[in-house]
Amino acid sequence: MAITGNGSLTISLSVFVISAAFLLKGAAETLSVEGQNLGTDNVSVIEGEMATISCRVKNNDDSVIQLLNPNRQTIYFRDVRPLKDSRFQLVNFSDNELRVSLSNVSLSDEGRYVCQLYTDPPQEAYADITVLVPPGSPIMDSREDVVSEGNETELTCTAMGSKPAASIRWMKGEQELTGEMTVDETYDRMFTVTSRLRLIVSKEDDGKPVSCIIDHPAVKDLRAQRYLEVLYQPEVKIVQAFPEGLTREGENLELTCIAKGKPQPYQISWLRVDDDVPSHTVITGSDLFIENLNKSYNGTYRCVASNTVGDAYDDYILFVYDAPTTIPTPTTLNLDNTQDSRAGEGAPQKIDHAVIGGVVAVVMFAILCALIVLGRYFARHKGIRAHLGPLAVTMLPLA
């Protein structure tokens, strides 16, 4: 049969008539007729990408397969495409399968597609196409750029224009945190999600990264990140630079005050608690120097550091010992971290071997002197006995 210029119209009308006849028979679910099974799968596709619909037939007896769009328009009748949409392309056609691709998918393509098998009664199987729209890059903001320790700050993260709605997670370093999430649906079935995170910061949080992570089936590893900037008051520590051990009369004392904070301390000052510092004390910035110590200098010396967040201090207790006569014990720290030049007092002291040697020498000298005196005494009496003879025997007891 020859096909005139109206051939395509004739085919379209024929397809429409045949389709209408089958629809009048009320085929609405997937049926199994004489061992023939029609099947398909749902499809999820990202907007702008390609979707593939496969109508599969098991044990086909040469029945005709066709694919309809959500408006029940025929996309493919066997291997012929009546629909004037070139985005639909035939991938495979055989007695057992009709496979069609749809390129550059848009939201308007979403819906239920129908695989239809011309049997008696006809069979239908349904493939739902779901179009996924990934959110744009997350927008992260904070209530303030810089926050002082102990205060609360708030961060927000927004994921716009997604389908379905995205979810948002928070991470501070390696710690997962929970925010408060709100979801708004727009007129075009798109969603905007906002999450708010409130947290109280400490000085340990300074420089830590805070990330909001977007979870969505259309995208992976989508996140935004900010680093916390936390201001905190100074940390102060006094270091005894000289001497290395106990402080004794006549020696010099040098202390250094180490202070760190954010921002850096703008002022470091020294004072003596409950008294004035010695008149000849030399203070140069963070260093304090006292020469020729004596016991009147005993007391607590304090270093105070200040920045815009607050003040902090550390104490050093000075105790001046007598000039060294024994080997001093090493300095140890007390329990409250306040440095004390008396450290080690009350602990068992090491024996001074020089003193012991002196005592031993004196004892030995005394013994030696006693032996000399006794020797002379006995020598003298021996000489008298020899001179007097028998008379000495009777005279000696009288002595």
Side-chain angles (χ1 to χ4, degrees), residues 8-9 11-13 15-16 19-20 22-23 27-30 38-56 65-93 97-117 124-139 157-168 181-195 212-224:
S8 59
L9 178 61
I11 293 175
S12 298
L13 290 174
V15 170
F16 175 78
S19 300
F22 279 108
L23 289 174
E29 301 293 337
T30 301
L38 179 63
T40 188
D41 300 305
N42 293 331
V43 179
S44 293
V45 58
I46 298 174
E47 183 181 32
E49 297 188 0
M50 178 181 292
T52 300
I53 305 172
S54 174
C55 301
R56 300 180 300 277
I65 308 172
Q66 75 168 350
L67 176 65
L68 310 177
N69 67 12
N71 296 323
R72 308 293 296 196
Q73 297 171 320
T74 300
I75 301 172
Y76 268 91
F77 181 81
R78 296 177 62 88
D79 57 349
V80 178
R81 189 188 74 217
L83 190 68
K84 303 300 182 181
D85 189 341
S86 60
R87 295 182 304 144
F88 290 98
Q89 294 294 321
L90 183 66
V91 178
N92 182 53
F93 173 73
E97 182 185 39
L98 172 61
R99 190 190 313 167
V100 177
S101 66
L102 170 60
S103 61
N104 195 23
V105 175
S106 66
L107 280 174
S108 61
D109 297 319
E110 192 172 67
R112 173 165 288 187
Y113 291 73
V114 183
C115 294
Q116 201 170 70
L117 182 66
E124 287 187 354
Y126 306 103
D128 291 327
I129 288 186
T130 301
V131 179
L132 307 177
V133 181
S137 297
I139 301 172
C157 184
T158 303
M160 302 179 62
S162 68
K163 179 179 175 297
S167 62
I168 299 176
M181 193 161 60
T182 57
V183 180
D184 297 319
E185 184 176 359
T186 60
Y187 66 94
D188 53 355
R189 296 179 297 163
M190 307 286 278
F191 297 89
T192 294
V193 181
T194 301
S195 180
C212 70
I213 304 170
I214 310 301
D215 293 325
H216 192 272
V219 68
K220 293 182 179 179
D221 196 28
L222 187 61
R223 65 176 64 200

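The residues of the chain are indexed from 1 along the displayed sequence. Computed from a predicted model, the values in this text were never measured in an experiment.
- Minimum heavy-atom separation, Pro164 to His216: O-NE2, 2.9 Å.
- Panel note: side chain Lys163, backbone Val131; a donor-acceptor pair is recorded below 3.5 Å.
- Here the shortest heavy-atom pairing between Pro217 and Leu132 reads CB-CD1, 4.1 Å.
- Proximity of a side-chain donor or acceptor of Thr74 to a complementary backbone N or O of Tyr76 within less than 3.5 Å is not detected.
- Taken to the nearest 0.5 Å, the OG atom of Ser103 stands 12.0 Å off from the CD atom of Glu49.
- Looking at Met160 and Met190, their side chains never come closer than 4.5 Å, going by heavy atoms from C-beta outward.
- Partners of Glu97 by side chain to side chain donor-acceptor pair (under 3.5 Å), not counting sequence neighbours, listed by chain and number: Ser54, Asn92, Arg99.
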Check your understanding: Given Leu90 and Leu98, is the side chain to side chain contact (heavy atoms under 4.5 Å, CB included) satisfied, shown in steps?
Key -> CA-CA 8 Å; Leu90 183 66; Leu98 172 61; 3.5 Å; yes

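- Looking only at side-chain heavy atoms (C-beta outward), Thr186 and Phe191 stay at 4.5 Å or farther from each other.
- The two residues Ala51 and Val43 make their nearest non-hydrogen contact at CB-CG1, 4.0 Å.
- Side-chain contact between Gln116 and Arg72 is present, with at least one heavy-atom pair separated by less than 4.5 Å.
- In this structure, the side chain of Arg81 engages the main chain of Leu83 through a donor-acceptor pair within 3.5 Å.
- Taken from CD1 in Ile129 to OG in Ser44, the straight-line distance is 9.5 Å, to the nearest 0.5 Å.
- Using modelled atom types, one side-chain atom of Asn69 and one backbone atom of Asn71 make a donor-acceptor pair closer than 3.5 Å.
- A distance of 11.0 Å separates CZ in Phe77 from CD1 in Ile65, rounded to the nearest 0.5 Å.
- Between Val219 and Pro135 the shortest side-chain heavy-atom distance falls below 4.5 Å.
- The two residues Ala166 and Val193 come nearest to each other via the heavy atoms O-CG2, 3.3 Å.
- Going from atom CG of Leu38 over to atom SG of Cys55 covers 6.5 Å, rounded to the nearest 0.5 Å.
- When all heavy atoms of Ala159 and Ile168 are compared, the closest pair comes out as N-CD1, 4.4 Å.
- Between the side chain of Asn42 and the main chain of Asp128, a donor-acceptor pair closer than 3.5 Å is present.
- In this structure the side chain of Glu110 reaches within 4.5 angstrom of the side chain of Thr130, judged on heavy atoms.
- Residues Thr40 and Ala127 share a closest heavy-atom pair of OG1-CB, 3.6 Å.
- Just one of Asn104, Val133, Val105, Asp109 meets the side-chain contact (heavy atoms from CB on, under 4.5 Å) condition when paired with Glu47; it is Val133.
- When side chains are defined from C-beta on, Thr194 does not count as touching Cys157, because their heavy atoms never get closer than 4.5 Å.
- Taking CD1 of Ile214 as the start and CG of Asp221 as the end, the distance is 11.0 Å to the nearest 0.5 Å.
- Atom CG in Asp85 sits 7.0 Å away from atom CG in Leu102 (nearest 0.5 Å).
- For the pair Tyr113 (side chain) and Ile53 (backbone), a donor-acceptor distance under 3.5 Å is absent.
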